[in-house]
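Quick notes on the structure that follows.
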Amino acid sequence: MTAKVIDGKAFAAGVRAQVATAVAKLKEEQGITPGLAVVLVGEDPASKVYVRNKHASTVEVGMNSYEHRLEASTSEADLLALVARLNADPAVHGILVQLPLPGHLNSDLVINAIDPAKDVDGFHISNVGLLGTGQKSMVPCTPLGCLMMLRDHHGSLAGLNAVVVGRSNIVGKPMAQLLLGDSCTVTIAHSRTKDLAAVCRGADILVAAVGRPEMITGDFVKPGATVIDVGINRIERDGKGRLVGDVHYASAAAVAGAITPVPGGVGPMTIACLLANTLTACCRAHGLEEPKGLTA
Ligand code: NDP
């Protein structure tokens with residue numbers, strides 16, 4: 001079997017186009033422009049690239065982008081004061097504090113200071129609780145992107161066996177909650193799981209969010225399964241830097257029914273879903289109908 005490639009790049013372009021159309025309509029009919037504020041503390045090179053990309057994508061769909069770059073030595077009090085100002089600013093519908101924060105800052109405290117209605121990353125404890133209890137929330141962008149691609153590929157997910165490898169708060173756990181919300185039978189695997197390959201072979205949907213390059217090989221995959229590779233790992237191969245997933249693509253694609261590549265799979269969906277969440281937050285803030293298909 002050769003797996004169908006789920007083209008996240010094309011899918012994300014479609015989501016961004018849908019967001020752009022909705023933004024244009026909001027501006028024309030309501031005179032409202034959604035605004036996303038991104039806060040970057042310090043000089044982490046990867047974070048700087050992410051923030052630059054987020055800014056460019058935000059502007060591209062017609063939203064306002066407000067960037068706040070703070071010194072690495074910024075105090076917690078100053079950061080919390082900025083978050084409070086953004087919470088109170090009606091032009092700002094979404095707030096994202098880029099993680100990781102420098103070590104002297106308490107990430108949980110800062111994230112939980114964001115107004116949950118503006119928490120477009122979906123990391124605030126209120127949003128975590130709302131998602132866990134099946135209520136309307138802001139949903140973390142990466143798992144939301146995975147869910148959208150899975151729904152598009154399968155239609156209904158009800159009754160499918162899903163295995164999520166990884167139990168982080170930002171990917172694994174919310175991914176499992178979303179799959180449960182769509183009536184999958186969900187298993188969460190992690191570093192202490194016994195016979196991981198056998199557990200994974202029970203999956204109709206296998207989501208890898210491990211952070212270990214190419215760990216999930218073809219012998220972890222049930223024939224015909226859908227494999228979603230969340231991993232982004234930079235490795236050296238043949239003297240060149242390369243980006244690979246948590247899934248060994250060639251061996252998994254030989255067994256799977258469908259698979260996301262790295263790059264060009266889940267990655268592009270993350271920013272597209274950030275834009276979708278900002279639009280959703282804006283619509284909710286103004287009591288307007290939410291765009292269809294862009295939320296869980
Ligand atoms: P974390 O490091 O926070 O979590 C990794 C999880 O994998 C942990 O739950 C850990 O288990 C589990 N794990 C580690 N080793 C093994 C193993 N040998 N067998 C089974 N489980 C294992 O990572 P994240 O969730 O933040 O990210 C996961 C991957 O997704 C990374 O490659 C990251 O770069 C990528 N990522 C991609 C994004 C995108 O936009 N596409 C966004 C966010 C992340 P335990 O809890 O027991 O330690």
Side-chain angles (χ1 to χ4, degrees), residues 6-13 15-16 38 44-54 57 96-101 107-108 111 120-123 128 131 138-150 162-179 186-203 206-217 219-221 227-235 241-249 252 259-277:
I6 299 177
D7 185 347
K9 206 170 158 195
F11 200 96
V15 171
R16 290 200 309 273
V38 175
D44 180 68
S47 294
K48 281 165 98 171
V49 174
Y50 293 143
V51 167
R52 201 183 319 132
N53 292 344
K54 283 167 188 171
S57 306
L96 181 153
V97 176
Q98 185 65 47
L99 300 177
L101 288 172
S107 306
D108 288 339
I111 297 302
V120 282
D121 254 343
F123 295 162
V128 175
L131 178 63
M138 296 306 302
V139 177
C141 302
T142 300
L144 177 59
C146 297
L147 182 75
M148 283 184 188
M149 290 192 289
L150 283 167
V163 174
V164 179
V165 191
R167 56 175 164 179
S168 72
N169 289 334
I170 64 167
V171 188
K173 283 182 199 155
M175 185 75 250
Q177 296 283 7
L178 288 171
L179 291 166
V186 182
T187 303
I188 306 178
H190 45 77
S191 66
R192 307 293 292 272
T193 297
K194 288 186 182 145
D195 200 353
L196 182 65
V199 171
C200 290
R201 277 195 300 272
L206 178 58
V207 181
V210 191
R212 296 192 181 267
E214 301 178 326
M215 192 192 92
I216 306 291
T217 50
D219 55 332
F220 287 55
V221 179
V227 178
I228 303 289
D229 189 355
V230 180
I232 300 179
N233 307 289
R234 278 164 229 285
I235 60 159
R242 286 195 54 186
L243 218 54
V244 297
D246 291 341
V247 175
H248 184 268
Y249 186 83
I259 187 166
T260 58
V262 177
V266 174
M269 285 301 286
T270 298
I271 290 189
C273 287
L274 173 67
L275 303 174
N277 276 351

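Scope of the values below: all heavy atoms of this structure, side chains included, with no hydrogens, waters or symmetry mates. Order of appearance sets the numbers: ligands from 1, and atoms from 1 within every ligand.
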Among protein heavy atoms, which lies nearest [atom], and at what distance?
atom	result
atom 5 (C) of ligand 1	V210 O, 3.3 Å
atom 47 (O) of ligand 1	S191 OG, 2.5 Å
atom 24 (P) of ligand 1	S168 OG, 3.7 Å
atom 18 (N) of ligand 1	M215 SD, 3.5 Å
atom 35 (C) of ligand 1	V230 O, 3.4 Å

Subject >> Partner set under salt bridge (Lys or Arg N to Asp or Glu O under 4.0 Å) for K48, not counting sequence neighbours >> reply: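 So K48 forms a salt bridge (Lys or Arg N to Asp or Glu O under 4.0 Å) with E43.
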Original post:
Is any N or O atom of R212, backbone or side chain, closer than 3.5 Å to an N or O atom of ligand 1?
Top reply: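 R212 vs ligand 1: N/O contact under 3.5 Å present.
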**OP:** Give yes or no for whether the N/O distance cutoff of 3.5 Å, strictly under, is met between I232 and ligand 1.
**Re:**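 Min N/O separation from ligand 1 is below 3.5 Å for I232.
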**OP:** May I ask you to list the atoms of ligand 1 that are less than 4.0 angstrom from any heavy atom of T270?
**Re:**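 Close to T270: 39 (C), 40 (O).
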Subject >> Stepwise side-chain contact (heavy atoms from CB on, under 4.5 Å) check, N53 with V49 >> reply: CA-CA 6 Å; N53 292 344; V49 174; 3.7 Å; yes
Original post:
With sequence neighbours left out, what residues match A13 under side chain to side chain contact (heavy atoms under 4.5 Å, CB included)?
Top reply: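 Side chain to side chain contact (heavy atoms under 4.5 Å, CB included) check on A13 returns R16.
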**OP:** Indicate the atoms forming the closest heavy-atom contact of V128 with F123, along with that distance.
**Re:**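 Smallest heavy-atom distance, with atoms named: CG2-O, 3.9 Å.
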Original post:
Below 4.0 Å from any atom of ligand 1, is there a heavy atom belonging to G267?
Top reply: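 G267 counts as a contact of ligand 1 under the 4.0 Å cut-off.
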